[in-house]
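One structure is given below, encoded as structure tokens.
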Amino acid sequence: MIPVTKPFLPPQEEYEAYLKGIWKRQWLTNMGPLASDLEMRLKEYLNVKHLLFLTNGTVALQMAIKALNLKGEIITTPFSFVATTSSIVWEGCTPVFVDIDSRTLNIDAALIENAITEKTTAILATHVYGNPCDVAAIENIAQKHNLKVIYDGAHAFGVQVNGRSIFEYGDISVCSLHATKLYHSIEGGLIFTNDANLLKRLAFIRNFGFNGPEAFAELGINGKNSEFHAAMGLVNLKYVDDIIQRRKELTEHYQRRLVAVKGSMPLWTKDVKNNYAYLPFVFHDESLMKKCMEVLQGHEIFGRRYFYPSLGTSLPYLPHTTMPVTDELARRVLCLPLYYDLSLEEIDLITRLILRVQNNQS
Ligand SMILES: *Cc1c(COP(=O)(O)O)cnc(C)c1O
């Protein structure tokens with residue numbers, strides 16, 4: 001069986017070595033020494049000013065909206081994982097969808113201004129598949145209209161644009177360290193800001209709003225993560241460069257094999273250090289995509305329709321919103337298997353099957 005993704009597992013002994021220390025200290029959670037160490041090392045690795053290690057990426061998004069005091073309407077993309085939109089609704093705000101750019105599959109910055117009303121307070125955009133949004137254009141719009149910017153960088157661990165971490169853009173950025181992501185701590189999330197005051201607020205919010213044992217500074221939530229999760233993050237950090245390098249080789253092999261297939265990969269933003277988090281392929285038409293998916297499944301190979309159907313047309317708690325570009329592209333994109341121990345031969349098999357389907361169809 002070849003799944004679309006497989007969590008990376010480091011050598012078991014390396015994880016177990018951390019367990020000894022946890023048993024000795026008997027400090028299991030609540031910003032323990034491993035969690036602090038992970039925060040320090042991630043700051044260094046990603047070269048960012050501030051970050052906090054959190055329970056997951058979804059709570060990170062909710063905390064971002066809360067910490068910025070957002071109300072009213074938040075402009076966002078319908079082409080993302082459900083948590084991008086659900087966190088807006090969960091925080092009592094209204095998501096306003098803006099269509100995506102057909103080449104990058106990120107929110108189309110040229111359409112954002114049209115969607116701004118007097119109720120708009122922020123833009124929440126996703127770096128889809130780790131491909132950076134047009135951060136310069138979004139920053140200009142935000143400044144002109146006095147809006148906050150949050151980036152859902154759940155896919156973007158390690159991505160840099162113009163030599164700078166993608167997480168340094170916007171008022172707040174978040175990342176997910178879920179097991180299915182390229183770098184993970186089993187469950188986990190990160191939140192980033194360059195603003196020291198905002199960081200302080202976020203740190204209170206993460207810990208129920210506590211300011212000392214008997215005082216509160218904020219309305220808070222439990223956004224902390226445990227020593228066990230931090231330990232997995234610490235071990236995996238040793239391997240992340242190797243993981244990204246391997247994924248790069250696999251991606252390049254796919255690209256060589258897929259040139260003859262009718263379709264394309266999304267256009268990548270320029271001057272970017274990519275992390276090869278996903279292998280999205282936009283087929284020329286939906287019927288070819290579906291037939292390929294079906295034939296691959298027959299061989300126990302599982303691609304996944306990330307993201308289908310679009311968030312505008314699938315959430316029972318929101319009005320049905322169609323978006324011409326998103327709805328069309330969501331129908332045609334398939335993410336192909338990509339993970340650390342996938343082999344070049346498996347990619348040959350996958351791409352051979354796809355080519356065979358295409359040749360039989362035409
Ligand atoms: C995975 C993901 C999330 C949620 O992260 P969790 O850590 O699973 O809560 C949010 N947004 C996007 C785009 C994701 O892919």
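Quick caveat, the model's predicted, so the values are computed rather than measured. Counting convention: from 1, in listed order, for ligands and their atoms alike. Count residues from 1 along the sequence.
Atoms of ligand 1 lying under 4.0 Å from any heavy atom of S80, numbered from 1 in the order shown and given with element: 13 (C). Taking every heavy atom of K181 and a limit of under 4.0 angstrom, the matching atoms of ligand 1 come to 1 (C), 2 (C), 14 (C), 15 (O). Of all the atoms in ligand 1, the ones that sit under 4.0 Å from a non-hydrogen atom of A83 are 10 (C). Annotation for ligand 1: atoms under 4.0 Å from non-hydrogen atoms of N56 are 7 (O), 9 (O).
For the ligand labelled ligand 1, residue E187 lies outside the 4.0 Å heavy-atom shell. Contact between G188 and ligand 1 is present, with at least one heavy atom of the residue lying under 4.0 Å from the ligand.
Considering backbone and side-chain atoms together, F81 places no N or O closer than 3.5 Å to any N or O of ligand 1. In terms of polar-atom proximity, S176 is counted as a contact of ligand 1, with an N or O under 3.5 Å from an N or O of the ligand. Residue D152 has at least one N or O atom closer than 3.5 Å to an N or O atom of ligand 1.
Separation of the F307 and F81 ring centroids does not fall under the 6.0 Å cut-off. Taking the ring centroids of Y278 and H155, they lie under the 6.0 Å cut-off. Taking the ring centroids of Y151 and Y169, they lie at or beyond the 6.0 Å cut-off.
Annotation: R304, atom CZ; neighbour count of heavy atoms from other residues, nucleotides and ligands within 6.0 Å does not exceed 12. No more than 12 heavy atoms of other residues, nucleotides or ligands sit less than 6.0 Å from atom NE2 of H284. Residue-environment remark: CG (D195) exceeds the threshold of 12 foreign heavy atoms within 6.0 Å.
With T85 as reference, P95 is the one residue of P95, S80, S314 to meet the side chain to side chain contact (heavy atoms under 4.5 Å, CB included) rule.
Grouping the Ile, Leu, Val, Met, Phe, Trp and Tyr side chains by contacts below 4.5 angstrom, directly or via other members, places Y45 with L182.
Shortest contact from atom 12 (C) of ligand 1 to any protein heavy atom: A154 CB, 3.3 Å. In this structure, atom 15 (O) of ligand 1 lies nearest to the protein heavy atom H155 NE2, 2.7 Å.
At a heavy-atom cutoff of 4.0 Å, ligand 1 is contacted by both the backbone and the side chain of T58.
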